Amino acid sequence: MASRGMPLDTAAIFSTVMEGILYGFSVLMFGGTMWALTHRRRMKDINRINTAVAFMLLILSTAHMIVDIIRIEEGLVTYRDTFPGGPAAFFADVTQITFVVKNIIYTMQTMLGDGMVIYRCYIVWQSVWVIIVPSCLWLGITVCGICAVYSVSKATNQAGNIFAKATGQWITAFYAMTLASNLLASGFLAYRIWKMERDISAVRTSNNSMMPIVRVLADAAILYSVTLLSALVCFVEGNNGQYVVLDMIMPIISIAFYMIIIRMAMKTTSYGHISTAKMGSNETARETPQQYHMMRMPVEVHISQITHQDETSIDILKN
């Protein structure tokens with residue numbers, strides 16, 4: 001299948017610019033994520049899994065950005081007049097080491113991001129059965145990603161056509177399974193939190209709700225899924241726009257992860273302020289015997305238990 005759309009050298013420039021903009025935004029959100037994970041926390045209370053994944057996503061995004069800059073420099077400057085066919089042919093050559101390396105990084109980033117969504121789904125549901133299908137899809141993503149990178153590196157006969165059958169079948173399957181895995185795991189996760197919210201909303205006395213968490217999970221899933229769907233459609237149609245979307249996906253994976261962590265921290269801080277206010281109210285109530293008696297009524301105990309359930313739900317999700 002012959003490629004269509006914008007020239008490959010133009011696509012390379014545009015994709016790098018767009019990736020750079022999103023990468024800068026992801027670095028800013030990484031700083032917010034580190035604050036959310038470490039602010040007013042002792043070392044032993046810091047969530048090591050989320051912290052490690054946040055750092056790994058930043059490292060992979062940075063490495064991908066560097067490889068893209070090197071690739072632009074080689075295609076437009078170093079080999080501009082010496083590579084057969086010029087810059088367009090250089091960027092079409094899938095056997096170039098920079099192209100292979102950037103696809104390895106992208107595969108690792110996808111496996112890491114999707115794996116964390118599945119892990120969160122398991123933590124919230126506390127059931128292996130819920131994540132069986134997403135986990136199988138994740139294993140398929142791993143296999144297809146490895147095979148795609150291998151086929152690209154060995155594509156000597158059709159090195160200038162990434163849409164050839166030998167490479168295209170693996171890449172198409174990779175995009176499709178990534179999209180399905182993300183939608184399933186994110187859907188299960190959002191549904192579980194929504195159900196927990198519905199179960200306690202009838203007896204909750206405060207305005208605190210976990211629906212903002214459901215919305216941010218949905219926003220992250222939609223952002224990632226729309227980008228993946230765009231890449232899949234462009235690739236199936238043989239359009240060079242898939243190069244642009246592919247480079248944009250790298251920082252988007254990081255952004256989707258960071259925005260959830262930051263929202264969790266905002267919700268936890270909100271609970272902390274409410275708990276402090278309740279403690280102050282209780283101290284005031286102790287000033288008179290009548291108020292002290294009211295504080296010990298069963299309804300007050302019941303409210304305390306509901307608040308504890310909300311906080312536990314947030315803590316489980318943050319793991």
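Predicted model, so just to flag it, every value in this text is computed and none were measured. For the single chain, residues carry numbers from 1 onward in sequence order.
- Separation of atoms CD1 (Ile97) and CD1 (Ile70) is listed at 11.0 Å; rounding is to 0.5 Å.
- Linking Ile, Leu, Val, Met, Phe, Trp and Tyr whenever their side-chain heavy atoms come within less than 4.5 Å puts Val128 and Leu137 in one cluster.
- Checking Thr62 against Tyr23 by side-chain atom types alone, a donor-acceptor pair falls below 3.5 Å.
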* Quick one: do Asp68 and Asp247 satisfy side chain to side chain contact (heavy atoms under 4.5 Å, CB included)? Show the steps, please. => CA-CA 9 Å; Asp68 269 344; Asp247 286 346; 3.4 Å; yes
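- The hydrophobic cluster containing Leu139 does not contain Val117, counting ILVMFWY residues as joined when their side-chain heavy atoms lie under 4.5 angstrom apart, directly or transitively.
- Clustering ILVMFWY residues whenever any of their side-chain heavy atoms sit less than 4.5 angstrom apart, transitively, puts Ile59 in a cluster other than the one holding Met34.
- Every residue two or more places apart in sequence or in another chain was checked for a ring pair (Phe, Tyr, Trp, His ring centres under 6.0 Å) with Tyr122, and none qualifies.
- Distance check: Thr107 OG1 to Lys102 NZ gives 12.0 Å after rounding to the nearest 0.5 Å.
- The aromatic ring centroids of Tyr243 and Phe91 lie 6.0 Å or more from each other.
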Would you list the atom pairs, donor with acceptor, under 3.5 Å between side chains in residues 170-183 and any protein atom, with sequence neighbours excluded?
unit_1, atom_1, unit_2, atom_2, d
Thr172, OG1, Gly168, O, 2.8
Thr178, OG1, Phe174, O, 2.7
Asn182, ND2, Ser225, OG, 2.7

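- The backbone N or O of Met6 sits less than 3.5 Å from a side-chain atom of Asn240, completing a donor-acceptor pair.
- The hydrophobic clustering, which links ILVMFWY residues whose side-chain heavy atoms are closer than 4.5 Å, places Ile146 and Leu60 apart.
- Leu57 places a side-chain heavy atom less than 4.5 Å from the side chain of Tyr258.
- Applying the ring pair (Phe, Tyr, Trp, His ring centres under 6.0 Å) rule to Phe25 yields no partners; only residues at least two apart in sequence or on another chain are considered.
- Aromatic ring pairs are classed by plane angle as parallel below 30°, tilted from 30° to 60° and perpendicular above 60°; the pair Trp125 and Tyr191 is parallel.
- Put simply, CG on Leu223 and CD1 on Ile255 are 7.0 Å apart, with the number rounded to the nearest 0.5 Å.
- Looking at every heavy atom in both residues, Cys121 comes nearest to Phe188 through SG-CB, 3.5 Å.
- Inter-residue side-chain proximity for Ile105 and Met250 is flagged as met; some heavy-atom pair is nearer than 4.5 Å.
- No more than 12 heavy atoms of other residues, nucleotides or ligands sit less than 6.0 Å from atom CE of Met108.
- Heavy-atom minimum distance, Ser254 versus Ser26: CB-CB, 4.3 Å.
- Heavy atoms only, all atoms of each residue included: Tyr106 and His64 are closest at N-CD2, 4.4 Å.
- Between Ile49 and Tyr119 there is a side-chain heavy-atom pair separated by less than 4.5 Å.
- Counting heavy atoms from C-beta on, the side chains of Phe99 and Asp93 never come closer than 4.5 Å.
- Under the 4.5 Å side-chain heavy-atom criterion for Ile, Leu, Val, Met, Phe, Trp and Tyr, Val133 and Ile118 are members of the same hydrophobic cluster.
- Heavy-atom minimum distance, Ala11 versus Val244: O-CG2, 3.9 Å.
- Closest of all the heavy-atom pairs between Leu8 and Ala92 is CD1-CB, 3.2 Å.
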* **Criterion side chain to side chain contact (heavy atoms under 4.5 Å, CB included) on Ile252 and Glu19, from CA distance to verdict** => CA-CA 9 Å; Ile252 285 177; Glu19 181 184 4; over 6 Å; no
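- Here the shortest heavy-atom pairing between Asn103 and Leu246 reads OD1-CD2, 4.2 Å.
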* Asked: Does the pair Gln169 and Ser151 meet the rule for a side chain to side chain donor-acceptor pair (under 3.5 Å), with working shown?
  -> CA-CA 10 Å; Gln169 59 184 356; Ser151 61; over 6 Å; no
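- If you take CD on Gln109 and CG on Asp114, they are separated by 10.0 Å, rounding to the nearest 0.5 Å.
- The CD1 atom of Ile261 lies 8.5 Å from the OG1 atom of Thr51; values are rounded to the nearest 0.5 Å.
- Contact annotation: the side chain of Asn50 approaches that of Arg120 to within less than 4.5 Å [non-hydrogen atoms, C-beta and beyond].
- Without hydrogens or angle criteria, Ser61 side chain to Leu58 main chain gives no donor-acceptor distance under 3.5 Å.
- Under the 3.5 Å distance criterion, with hydrogens and angles disregarded, no donor-acceptor pair is assigned to the side chains of Gln242 and Ser230.
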* Asked: Stepwise, does the side chain to side chain contact (heavy atoms under 4.5 Å, CB included) test hold for Ile69 with Glu73?
  -> CA-CA 6 Å; Ile69 293 173; Glu73 191 274 336; 5.6 Å; no
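- More than 12 heavy atoms of other residues, nucleotides or ligands lie within 6.0 Å of CZ in Phe83, so this atom counts as buried by the packing criterion.
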* **Worked verdict on Arg263 versus Leu217 for side chain to side chain contact (heavy atoms under 4.5 Å, CB included)** => CA-CA 9 Å; Arg263 190 64 186 88; Leu217 287 171; over 6 Å; no
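- The CE atom of Met18 sits 5.0 Å away from the CZ atom of Phe14 when rounded to the nearest 0.5 Å.
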